2 protein chains.
Amino acid sequence: MAAKGRVTIREVAERAGVSVATVSRVLSGNYPVPSATRNRVMRAARALDYVANAHARALVGGGRKMVAVVLRQVTSPFYAQVAEGVEAEAAERGWLCVVGATAGDPQREMDFVQLMREEGARLVILVGGVVEDDAYRERVAHYAHALDASGARLVLCGRPAPDPDLPALVVEFDNEAGARAITGHLLSAGHRRIAFLGGLPGNTALDARVAGYRAALAEHGLPPEAAHVVDCGLGRAAGHRAMTELLKNTEDTGAVEVTGITGGTGGFTAVFAGDDMVAAGALRAIADAGLRVPDDISVVGYNDIPLAEDFSPPLTTVRTPAEELGRAAVRIALRDPEHAAGAHHLLGTHIVVRDSVSPPRRGAPPSDGGSAPV
Amino acid sequence: MAAKGRVTIREVAERAGVSVATVSRVLSGNYPVPSATRNRVMRAARALDYVANAHARALVGGGRKMVAVVLRQVTSPFYAQVAEGVEAEAAERGWLCVVGATAGDPQREMDFVQLMREEGARLVILVGGVVEDDAYRERVAHYAHALDASGARLVLCGRPAPDPDLPALVVEFDNEAGARAITGHLLSAGHRRIAFLGGLPGNTALDARVAGYRAALAEHGLPPEAAHVVDCGLGRAAGHRAMTELLKNTEDTGAVEVTGITGGTGGFTAVFAGDDMVAAGALRAIADAGLRVPDDISVVGYNDIPLAEDFSPPLTTVRTPAEELGRAAVRIALRDPEHAAGAHHLLGTHIVVRDSVSPPRRGAPPSDGGSAPV
DNA sequence: TTGAAAGCGCTAACAT
DNA sequence: ATGTTAGCGCTTTCAA
């Protein structure tokens, strides 16, 4: 047994009665060694429970296969799925995956990226939408160039590149198309007063969804004023608060009538939540107000998190294959390292219809209709 | 700019006109250096965008601060929270956190632990309950001894130690107490026919919950036969399937009457789901069958995942502070490294009462009662 | 077929 | 106050 600390290659060599070079060759397996010596070495290594020192190996071998994922938090279902995709794809290729959670703090992000540079990560994946201010743009430009200079690669996953010329790969969903589609779904069901809950001005993902929402409204011939965006940001709590407010306001000020439709909810017959967590909060707020979904008001979300079908009612939402996003990020980055820089990949999304949308009621007070799925 | 690859300490030294030792001293900050030279070095490092090579540093410095979390999957809300706790606590102390997902495959677990030994992780945290077979016991014993031999530490998080003499720290919840408490909650509400959904024989966490469930039943004077454990394992799908089955069986075979209570669900007036995901599946199955919770049947879960309050109805469950479990694992392991080995820490849990439990109806067919929260 | 030896980039004595 | 140097554990020429 090793006295203290780790067993080194030298001890294995001694025990096997060979030189360290031979041990190295056997263990690396990239050089022919007669099976006689080979076996002796293997036996010695096994007996000593030898494990190579990855640091020494990386030092001489020039880095090791490591990918870093940077996200706000792992407990967000969406981020967790992306992380899982990255981890899975990395593991399948024998790469190590380290994750860093920033809690949205730029400083922690910078520290972590710096750390990853020290550790020699060859792939750094920044996950999720962000608000793009100047400080952010500068930061990302720095990451991209620094990583690139040392032969590593930056992947923007779920967000666009601040500058198309950056040496960074971007893989994201077409948020605008997804939002347009689901807004269209609501419009087709007959809704005209649709509120968007969860705007976050400057945030790449939300801005795109809002744009899609407005575009759909316009396509259906509605005036720009028909759009009602509540900039409450994301999260269950924000959704709950904003929805409660919305319900209260429309009651206080009287129903806003644009198309002649009103209901127990004031002017709105439907709400488009910026993501499923916002929808969860909104759903709860609606229930708290004694209203029912979809009878009194329809609700749709975004992302189709695993539990969206367990909401009450099961949520109609936009499916964004998050795990696939994570897998695609590493797959594309690793597939064609040279060509990948600057490439922009858009992943498609689609609507998942469940039970949270029905046609709006027409001017009638809340009646006891059964559930009315689409 | 660096030509190719990373900038080394030597280049910084040259640019600053000093020796590498001086640069090292400045950057490490553990040795007094006159601010004149100090500044020159800093400026050079900054200009070159120098980042130290963590491998070289670890090689000479004897490893670096790294903790590894090993879990089945990151997308499970419970595991994600534990991981978040570990990550947060590690980050606060300047430690790096790497996660490995095994998908329940022992081979992947072994590979990952091996990798962590190579990488010089000083803390390896195995998260979550497991089925304890001989192969498992052997594996863990090996991890514990191997890690210990090289000065690292193994933490069993959310599972007991297969052998109390192993050099491993264990931090877990008192599953039996939690299960006993929530079963007691059901019993106090008047339920006598309570099914346990999600048994997984051999699994440490589930076995303990089943034990707590049986203990509570016994405490309330019920015979052992009153216990009905469905070994369907965990997961939303398993819960859905098992609940559907349960509903069907009790209808087919006629209600099992033990205390004279029957309902639209056959013999059971309540179900205790092994965890919240199982509860989610069960809830859906119940709704699919046209029954209502808690009017027709009460349901409780385990873990209080973030979305449990968004289930329909909001789920009464056992709160296991998962993030705290993760934090405790690293805190305890790092606090008193020597003493920690072999220690066993039990974290408390408590019931969160929401709307999925009400007293059982007495022999009446499903009636149109309003929601009847506890 | 196998060994000896030169580093990889850095830190920590040991010199000066 | 700062430079020189000896490794840390490993891989990889280059010899033998």
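Within every chain, numbering begins at 1; the chains are lettered A, B, ... in the order of the sequence lines, protein sequences first and strands thereafter. Source: prediction; values computed, not measured.
For the pair A:Glu11 CD and D:dC10 C1', the computed distance is 14 Å after rounding to whole Å. The distance between atom CZ of B:Arg57 and atom P of D:dC10, rounded to the nearest whole Å, is 21 Å. Between the CZ atom of B:Arg40 and the C1' atom of D:dA1 there is a distance of 12 Å, given to the nearest Å. Straight-line distance from the CG atom of B:Leu59 to the C1' atom of C:dG7: 12 Å, rounded to whole Å. Counting to the nearest Å, the P atom of D:dG9 and the CZ atom of A:Arg6 are 9 Å from each other. A straight line from CZ of B:Arg10 to C1' of C:dT11 spans 13 Å, rounded to a whole angstrom. When the P atom of C:dC8 is taken as reference, atom CD1 of B:Ile9 falls 14 Å away, rounded to whole Å. Between A:His55 atom NE2 and D:dT11 atom C1' there is a gap of 17 Å when expressed in whole angstrom units.
As judged by a 4.0 angstrom heavy-atom cut-off over every strand, A:Ala58 is placed among residues making no nucleic acid contact.
Looking at A:Tyr136 and A:Arg159, their side chains do bring a donor and an acceptor atom within 3.5 Å of each other.
Two residues, A:Ala56 and B:Val20, neighbour DNA chain D, and the one matched to the more 5' nucleotide by heavy-atom proximity is B:Val20.
Within residues 24-38 of chain A, the residues having any heavy atom closer than 4.0 Å to DNA chain D are, in order of number, A:Ser24, A:Arg25, A:Ser28, A:Asn30.
At a threshold of 4.5 Å between non-hydrogen side-chain atoms, the residues A:Arg327 and A:Val86 do not count as touching.
One N or O on the side chain of B:Arg64 and one on the backbone of B:Glu119 form a donor-acceptor pair closer than 3.5 Å. B:Arg6 places a side-chain N or O within 3.5 Å of a backbone atom of A:Glu118 that can act as its donor or acceptor partner. The backbone N or O of A:Pro34 sits less than 3.5 Å from a side-chain atom of A:Thr37, completing a donor-acceptor pair.
With C:dG9, C:dG3, D:dC10 as the choices, the nucleotide that has an atom nearest any side-chain atom of B:Thr8 turns out to be C:dG9. Of the candidate nucleotides D:dT12, D:dC10, C:dT11, D:dT12 has the atom lying nearest to any side-chain atom of A:Ala21. Relative to the side chain of A:Val60, the nucleotides D:dT2, C:dG9, D:dC10 differ in distance, and D:dC10 lies closest.
Under 4.0 Å is where a charged nitrogen must lie from a carboxylate oxygen, and between A:Glu11 and A:Arg15 no such pair does. A salt bridge is defined here as a Lys NZ or Arg NE, NH1 or NH2 lying under 4.0 Å from an Asp or Glu carboxylate O, and A:Arg10 with A:Glu14 fails to meet this definition.
Considering all non-hydrogen atoms of both residues, B:Met116 and B:Val124 come closest at CB-CG2, 4.3 Å.
When the local axes at the two ends of the helix from C:dT1-D:dA16 to C:dT16-D:dA1 are compared, using 5 base pairs at each end, they differ in direction by 40° after rounding to 10°.
Note that CG of A:Leu48 is 12.5 Å distant from CZ of A:Arg46, once rounded to the nearest 0.5 Å.
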